Amino acid sequence: MGTRDAREGIPLPLLTEKWLSQRFPEMRKIRVVEGLGEQWKRRKLNSIVVVAFHADLEVAQLKHFLPLFFVEELIDSGYSISPVVYIGALRDIGRGYHRGDIRERVAEAHKFFQGVFSPSAKAVIVEDRVEIQRDVYSILTILDFEKSLQNILNQINTREKLREATTIKLKEKTYNLTEYEKELLEIYLFDRNKLGTEIKTYPYVSWGLESLGYLGASYNIFDKSNAGLSILKKMICADQGIEYPATIVLPDPITVSGRPMRYLQSRDLNPDEALFIVDSYRDVSRKIYEQESVSQKFVNYLVKDIIRPFAPASIRNKLEPNFEKLTSKKRGDEEMVPRELKRLVLKYYWDFIKPYYDSIETILGTHESLFVPEELTEKTLDALGSKRNRRILIELASHHQKHASPMTVNELFEKMGLKKGAKKGLWRNLETLVRCGLVDRIPEGRKLHKYSIYGNKTTVRIRLPLNEIRQRERQKK
């Protein structure tokens, strides 16, 4: 764990490559690229930036969650950390590439991340600056960053130039490129063709740097396929005389068939080649168990990089007797895994990921979803415990789908086929559902009130914070 800094009263980070290899011996190598200046060293682990998340949680993959698992593990081990989650891609939603409006997607992301980290962790959530064009200071900063970026890219805009480069000429100094930084830049700029697509079209490198720059964070976390982005930001900061955090580079994510996950565009990704956090058990079973092309390399990635380092002790204890069998060196990386082992991997992975899946499932809103406010959660759960209340909701939703209109009490009474004396009870049921926020009442006189599912939704979702689920799990241990 390391010694404590007596002055600051927080554990020393010890985030060297040697320490990380000792702390996570089963994982592939985690690399650390030092930051610029002294600020990141002084802050230790008081602030840490989690890799950016797409604001639409429905597109969040398992690979996006690895930094989250990593930070959670450090917090659970007793480190003082204020995690920072950068919610990005708001412009994509604004352009209609993803579902719904921006505010609802961001609200979902806020809710989820506040549930992931316990209140003591003091999580900070930073949103992509979708209204940045109104902020003159931000625009000027981004323009300065863009000038630096274009100067840097002009010196490494082909693979040959990048491979031959040892330094980058900045305004007033030179930046010494390491071989590892060149490797990360080649993956990001050329293997993933960011140079020919996104960087040319949008100022997102400078945009993100401006959004996060004021935090004075200690560490950024990226997987290897995206870490070149951090190297670009570091060079911009060197040119502008600004300090920059260290970069923790987690191993490359692996596709189901065993290739590094370095697709050029999100539309190039075959959904069956990657695990998404919103994948149901049926989806996960299809991808891990039913597919023929499940490689040993992918199983090693799931078991060594994800489940064994970060799963609760209850799951790790079950995994341990089968660890050698699952990660056997007798099978080559490209070999397909036999069905009996795929069944084991499916079980361990689902047991591990289910709390995250459940948490997102209860939070995600669609145009059909009704959110139950926290203060009404208990009342709502009580109300949904009644079979009649559930039947009322079903009938109201069905009627709206067919006729796009609310129902009167008489219509509801006839539809449910209730006995004559049950009408008063039906009124009481409806009033309970109105108080819970599940049903809208349209007043048209005492006997002519009309009722509909709140906002004409058809799905009821109740939010249950993930940290409450995790606390219950710990209490069981």
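Please read these numbers as outputs of a predicted model, since none were measured by experiment. For the single chain, residues carry numbers from 1 onward in sequence order.
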Please confirm whether the backbone N or O of V256 pairs with a side-chain atom of S295, one donor and one acceptor, at under 3.5 Å?
yes
Would a 4.5 Å heavy-atom cut-off, applied to side chains only, mark L426 and I392 as touching?
yes
Examine distances only and state if a side-chain atom of S285 and a backbone atom of Y281 form a donor-acceptor pair shorter than 3.5 Å.
no
Side chain of D351, backbone of Y348: donor and acceptor closer than 3.5 Å?
no
Would you check, one step at a time, whether the test side chain to side chain contact (heavy atoms under 4.5 Å, CB included) holds for E395 with M416?
CA-CA 8 Å; E395 294 298 343; M416 294 178 68; 4.1 Å; yes
Nearest-0.5 Å distance that lies between atom CD1 in I353 and atom CG in L275:
8.5 Å
Should L66 and P253 count as side-chain neighbours, where that means a heavy-atom distance under 4.5 Å?
no
Flag if over 12 foreign heavy atoms under 6.0 Å of CD, E292:
no
Verdict with supporting geometry, S225 and R192, side chain to side chain contact (heavy atoms under 4.5 Å, CB included)
CA-CA 8 Å; S225 63; R192 301 197 59 204; 4.2 Å; yes
Identify the residue among V249, I221, I248, D305 that makes a side chain to side chain contact (heavy atoms under 4.5 Å, CB included) with I30.
I248
Quiz question: by atom type and distance under 3.5 Å, do the side chains of N429 and T432 form a donor-acceptor pair?
no
Using the rule given for side-chain hydrogen bond (donor to acceptor under 3.5 Å, both in side chains), can you reason through D252 versus Y301, listing the C-alpha separation, both sets of side-chain angles and the distance that settles it, and then say yes or no?
CA-CA 9 Å; D252 241 336; Y301 164 64; over 6 Å; no
Report the distance from atom CG of L74 to atom CZ of R23, rounding to the nearest 0.5 Å.
7.0 Å
Considering the options L195, L185, N157, I156, which one meets the side chain to side chain contact (heavy atoms under 4.5 Å, CB included) requirement together with F190?
L195
Please report the shortest heavy-atom distance between L68 and F53, naming the atom on each side.
CD2-CZ, 4.3 Å
Around atom NZ of K415, are there more than 12 heavy atoms from other residues, nucleotides or ligands closer than 6.0 Å?
no
CG of L341 to CD of Q296, rounded to nearest 0.5 Å, is 7.5 Å
Flag, side chain of E26 to backbone of P309, donor-acceptor distance under 3.5 Å:
no
Stepwise salt bridge (Lys or Arg N to Asp or Glu O under 4.0 Å) check, E340 with R343
CA-CA 5 Å; E340 64 271 16; R343 186 184 291 113; over 6 Å; no
Students often mix this up, so state it plainly: with edges at 30° and 60°, are the rings of F24 and F70 parallel, tilted or perpendicular?
tilted
Check: Y244/N220 side-chain N/O donor and acceptor closer than 3.5 Å
yes
Which value, rounded to the nearest 0.5 Å, describes the distance between L184 atom CG and I231 atom CD1?
5.5 Å
Please work out which of the three classes, parallel, tilted or perpendicular, describes the rings of Y357 and W350, given edges at 30° and 60°.
tilted
Restricting to salt bridge (charged side-chain N to carboxylate O under 4.0 Å, His left out), what partner residues turn up for K342, sequence neighbours left out?
none
Has the side chain of S21 got a donor or acceptor atom that lies under 3.5 Å from a matching backbone atom of P25?
no
For the pair H399 (side chain) and L396 (backbone), establish whether a donor and an acceptor sit closer than 3.5 Å, ignoring hydrogens and angles.
no
Taking the side chain as every heavy atom from C-beta outward, state whether D191 and R159 have any pair of such atoms under 4.5 Å apart.
yes
Applying salt bridge (Lys or Arg N to Asp or Glu O under 4.0 Å), run through D283 and K287 and close with a yes or a no.
CA-CA 6 Å; D283 295 326; K287 293 178 184 183; over 6 Å; no
Between F222 and S230, is any pair of side-chain heavy atoms under 4.5 Å apart?
yes
What residues form a salt bridge (charged side-chain N to carboxylate O under 4.0 Å, His left out) with R316, not counting sequence neighbours?
none
Before you tell me yes or no, could you show the steps for E72 and F310 under side chain to side chain contact (heavy atoms under 4.5 Å, CB included), namely the whole-Å CA-CA distance, both residues' side-chain angles and the distance that decides it to 0.1 Å?
CA-CA 9 Å; E72 280 186 281; F310 304 114; over 6 Å; no
Is any side-chain heavy atom of V126 less than 4.5 Å from a side-chain heavy atom of V84?
yes
First locate atom CZ of F69, then atom CG of L62, and finally report the distance between them rounded to the nearest 0.5 Å.
5.5 Å
Do E17 side-chain atoms and V32 backbone N/O form a donor-acceptor pair below 3.5 Å?
yes
Should E273 and M261 count as side-chain neighbours, where that means a heavy-atom distance under 4.5 Å?
no
dist L433:CG -> R390:CZ (nearest 0.5 Å) comes out at 11.5 Å
Close side-chain approach of F298 and T255, heavy atoms under 4.5 Å
no
Closer than 4.0 angstrom, basic N to acidic O: yes or no for E186 and K182?
no
In terms of side-chain heavy atoms, does Y180 have a donor or acceptor partner in R31 at a distance below 3.5 Å?
no
Any side-chain heavy-atom pair of N300 and I254 under 4.5 Å:
no
Heavy-atom nearest pair, D279 first then A274, reads OD2-O, 4.1 Å
Any salt bridge (Lys or Arg N to Asp or Glu O under 4.0 Å) pairs touching residues 222-234, not counting sequence neighbours?
E181-K234, E183-K224
